[in-house]
Amino acid sequence: MYDLNAQQKKAVECKNDLLIVAGAGTGKTKTIVSKISYYIEQGLLLPHQVLATTFTNKAAQEMKHRIESNIGPHASLIAIGTFHKLCLKIVQDNEELLNMSKVQVLPYEDQLALLKSIVRHMQYKSLKPSHLLEVLQRAKEKDVFDNLTVDELNILDIYQNRLKSMNALDFADLLSKTILLWENYPSVLDRYREQYKLICVDEYQDINEAQHRWIKLLSCETNQLCCVGDPDQAIYSFRGSDIKYILQFNEEFVGSEKIVLEQNYRSTDKIISSSNSLIRYNRKRIEKNLLPSVFSDRYVDVFVGMNAKEEYKGICDIIAKDRLINPQSTIAILFRTASQINEIEESLISANIKYSIVGSIQLLDRAEVKDIISYVKFLANPADIISFSRLLQAPKRGIGEATMEKISLADGSTVKEKIINVKDKISSASYEKLLNLIGQLELWAESKDAFPLLMEKVVNESGLFESLDTNRKENIMRWLDSIGEFKDKDEYINYLLWSNIKSDDDNNVQLMTVHAAKGLEFDIVFLPGWEEGVFPHILARANIEEERRLAYVALTRAKSYAVVSYVQSRMQYGKYGSVIPSRFIKELGSQSVQFKSFRSKSMTGKKVFHDLFGYGIVEETGMRHAQVLFGNEKKIVELSSISECK
DNA sequence: GTTCATTCCGTTTTT
DNA sequence: CGGAATGAAC
C-alpha cells in the first residue's frame, strides 16, 4: 500500500477525525496523498468529495501531481489549494448572496498603494503605511478591533469602502467573506458540508483564528477531518497563526485520534541529531524526537568568516567543489531576511555559479516591470484606479499627484467616468491629455491582437520603453519574453496572483528566505548569517522560540549536508560592527558538528583574541581546535572561540 | 506640477 | 548602505 510504514498506514486507514503530528521529513505529504488516493481508489469517495488545503500554491501543485500519478487524471476534480484560493472560488460562486460582482483580489502592493493614498489625503502623515497595513490586516484576520486607535479605525473604514467600490477583496477579506457567507446562510454551509466528505488541512500548526473558524464551520458529523502539522515548525505567528490550535485539536474534536510520525527519511543522522539538539532548547513544545534512517560520516559544518565577503566566497568555493563531484545535487542558500539575498549575488556571479532567486523578488519586483503590469491590469479592469495612477507616471506625462488625487476622489466607478466628473477641477490641458490616454487604453483593451503582441505594442506606443535606460529596457524585454505562453491578459493576471515564480532550473543554486523554504528539501543547504541580531533577528527578541523553530526548519531542509556560517564583523548601515555568534550554534550540540574556518591559511603564528583568556599566539591549528599560547599557558581552544588580531 | 539633489532613517518573516 | 521623504529649482 503505497510503500508506507506502520504509522503512516494507520493514518491512511483511520476513519475518524485525525491529527497527524509529523516531524520534518517524515513523509507528511506522502501520507496525505496516500490517504486521499486510497479513499478514491477504494471507491469510498469520489474525487470531488475531497477538499485539501495547503500552505502555498506550490505545495498545492505538488500535491495534485502526486495524487494524479496515483489515481490518474480525475484527480483534477479534487479541491486542492490554499485557504485563500479555495475561499476565492467559494466567494465567486456565491457573489449574489454577498452582494458583489466580478470579484478580484487586491495584491499586496496594491493594498499598500491604496493605504498610502488614503493616509496622505487624510493627513495622518505620522502613520507609516506598511506598518499600518500590517496592523489592519492582523486585526482583520483575528476579527478583533479593540486595540485599534480611532485614526486606524477611521482609515480602515475608508479602506474597506474603497475596496468595495473597486469590487476588490484583500487576503483577509477572502476568509472573512466565506465565514460570513456560511454563518449567515446555513443552507449554503450545508451544501459544502455535504459535498466534502474528507477535509485535509496541511501545515495545521500555522493556521490562524479565521482559518480555524473556517475549519470548525465546515467540519461536521458526516464528514471527516484530517489535519497534519508539526508544532516545532510553526513560523508564521506574525501573520496571526497560533500553535494552540494544533495543541488543542484532540480536546476540540471529540472522538478524534492522533498519530505521531517520527521516522525521518530525508536527512542524515548528523543533521537529525543537531536538529533535535537545537529544538530541545524550546520549552513550549510537545516532546518529540526525529529518528534517522540515513547514516553518514559527513558532519554538519559550522564555518566562521572574517566578514560577509569571505563568508560568501567560502560558500561559493564549497559549491564549486561539490559541482565537480555531484553535478546533479540540489543546493539552496537560505537566509533569515530577504535583503540578505542580494548580497551574495556578486560572489555567485564571479564564481560563475548559476542561481535562481525564489520568492516574489526578481523580475516582477522591478519598478519598470510593475509599470508595464499596471497597463495589463488596467486593460483588464477600467475601474482599477491604482494601476491607472501607476501607468500615468510611466512614462511621465506632466500630470502629477495633485491631479491624480482629485481623480481618485471623484464620483464614478470607472476611471474614465471619474475623469469626466472632475473636468471642472483640473486644468484643461491635463483633461485633454487624460482623455487621450484613456482613448488609447480603450483601443488596446479592445484589440484582437494576441496578448504578447499587444503588450509589445503597448510598451512601444505608450512611450514607456523610450523613457527607460538600457538596463531597464532589458528588463522589459525579458518580461516580454516571459509572457509568450499566455493567451490573454486575464490568464496572465491569474498567473501573477497565484503562482509562485517557478524556479527555472532545479539545478541552479536556489536562494530564498527560510520562510520560503518551508516544505522544501535540498541535498545541500547553506545557512549564512547565524549571528545574534540577524538570526535570531533583533526584532524577534520576544519570540526566541519561534526563531529557534525557524532555525530548525532551515536545518531540516538538508538531506545530505548542512553548512552553517557566521562572521566576526558584519557591515550594517554602512558601518562595520562586531558580531556575536548566534546562540543557536552552540545549541546544535558538539556531537554531530564540526567547526571550521573559511580562512584557507593556517592560523599558526597568528595573534588571536579569546573571550576568556585574552590575547595569545597560535602554535598549531587543527580542523576544529587550535593550540594557543596565552602568556605562559598553553591551551586547546575551539577555532570558533578565537578571532584573529591585526 | 515635475524633477533632481540632499537629507533622513531604519534594522523580519507573507498567502 | 540604500530607499523614502523632503525641499529647491525649473
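Just so it is clear: chains get the letters A, B, ... in the order the sequence lines come, proteins before strands, and each one is counted from 1. Hydrogens, waters and symmetry mates are skipped; everything else that's a heavy atom, side chains included, is used.
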Checklist entry - Nearest-Å distance, CD (A/Gln340) to C1' (C/dC1)? => result 15 Å
Checklist outcome for this item: Whichever of A/Glu546 and A/Gln393 has the more 5' nearest nucleotide on DNA chain B, that residue is A/Gln393
Item to check | Qualifying residues under side chain to side chain donor-acceptor pair (under 3.5 Å), relative to A/Tyr431, sequence neighbours excluded | outcome: none
Close N/O contacts between protein and nucleotides 5-11 of chain B (under 3.5 Å):
residue : atom : partner  : partner atom : Å
B/dT11  : O4'  : A/Tyr573 : OH           : 2.7
B/dT11  : N1   : A/Tyr573 : OH           : 2.6
B/dT11  : O2   : A/Tyr573 : OH           : 3.3

Item to check | Shortest side-chain distance from A/Thr82, nucleotide among B/dT15, B/dG1, B/dT13 | outcome: B/dT15
Checklist outcome for this item: Contacts satisfying ring pair (Phe, Tyr, Trp, His ring centres under 6.0 Å) that involve residues 531-550 of chain A (not counting sequence neighbours) are A/Trp530-A/Phe535, A/Phe535-A/Phe584
Item to check | Separation of B/dT15 C1' from A/Asn57 CG (nearest whole Å) | outcome: 8 Å
Item to check | Nearest-angstrom distance from the residue atom CZ of A/Arg548 to P of B/dT13 | outcome: 21 Å
Next on the checklist: Tell me the interatomic distance from A/Gln211, atom CD, to B/dT14, atom C1', rounded to whole angstroms.
Outcome noted: 12 Å
Checklist outcome for this item: Per nearest nucleotide of DNA chain B, the residue lying toward the 5' end, A/Lys396 or A/Phe83, is A/Lys396
Checklist entry - Can you tell me how far C1' of B/dT15 sits from CD1 of A/Ile235, to the nearest Å? => result 13 Å
Item to check | Side chain of A/Phe238 - closest among B/dT15, B/dT12, B/dT14 | outcome: B/dT14
Checklist outcome for this item: Rounded to whole Å, the CZ-C1' distance (A/Phe55 to B/dT14) equals 8 Å
Checklist entry - Is any NZ, NE, NH1 or NH2 atom of the basic residue among A/Glu547 and A/Arg336 found under 4.0 Å from an Asp or Glu carboxylate oxygen of the other? => result yes
Checklist entry - If you look at every strand shown and take non-hydrogen atoms under 4.0 Å, does A/Ser427 touch a base, only sugar-phosphate, or nothing? => result nothing
Next on the checklist: Return the CD1 to CD distance between A/Ile315 and A/Glu310, rounded to the nearest 0.5 Å.
Outcome noted: 11.0 Å
Next on the checklist: Could you work out, with side chain to side chain donor-acceptor pair (under 3.5 Å) as the rule, every residue matching A/Arg66, not counting sequence neighbours?
Outcome noted: A/Glu62
Checklist entry - What's the OH-C1' distance between A/Tyr236 and B/dT14, to the nearest Å? => result 6 Å
Item to check | A/Thr403 side chain, from C-beta outward: closest of B/dG1, B/dT15, B/dT13 | outcome: B/dG1
Checklist entry - Expressed in whole Å, how much space separates the C1' atoms belonging to C/dA5 and B/dT12? => result 22 Å
Checklist outcome for this item: In whole angstroms, the gap separating C1' of B/dT14 from NZ of A/Lys518 amounts to 11 Å
Item to check | Short side-chain N/O contact to B/dT14 OP1/OP2 from A/Thr513, under 4.0 Å | outcome: yes
Next on the checklist: Restricting to side-chain contact (heavy atoms from CB on, under 4.5 Å), what partner residues turn up for A/Lys64, sequence neighbours left out?
Outcome noted: A/Ile80
Checklist entry - With A/Phe238, which residues qualify under ring-ring contact (aromatic ring centres under 6.0 Å, His included), at least two apart? => result A/Tyr236, A/His515
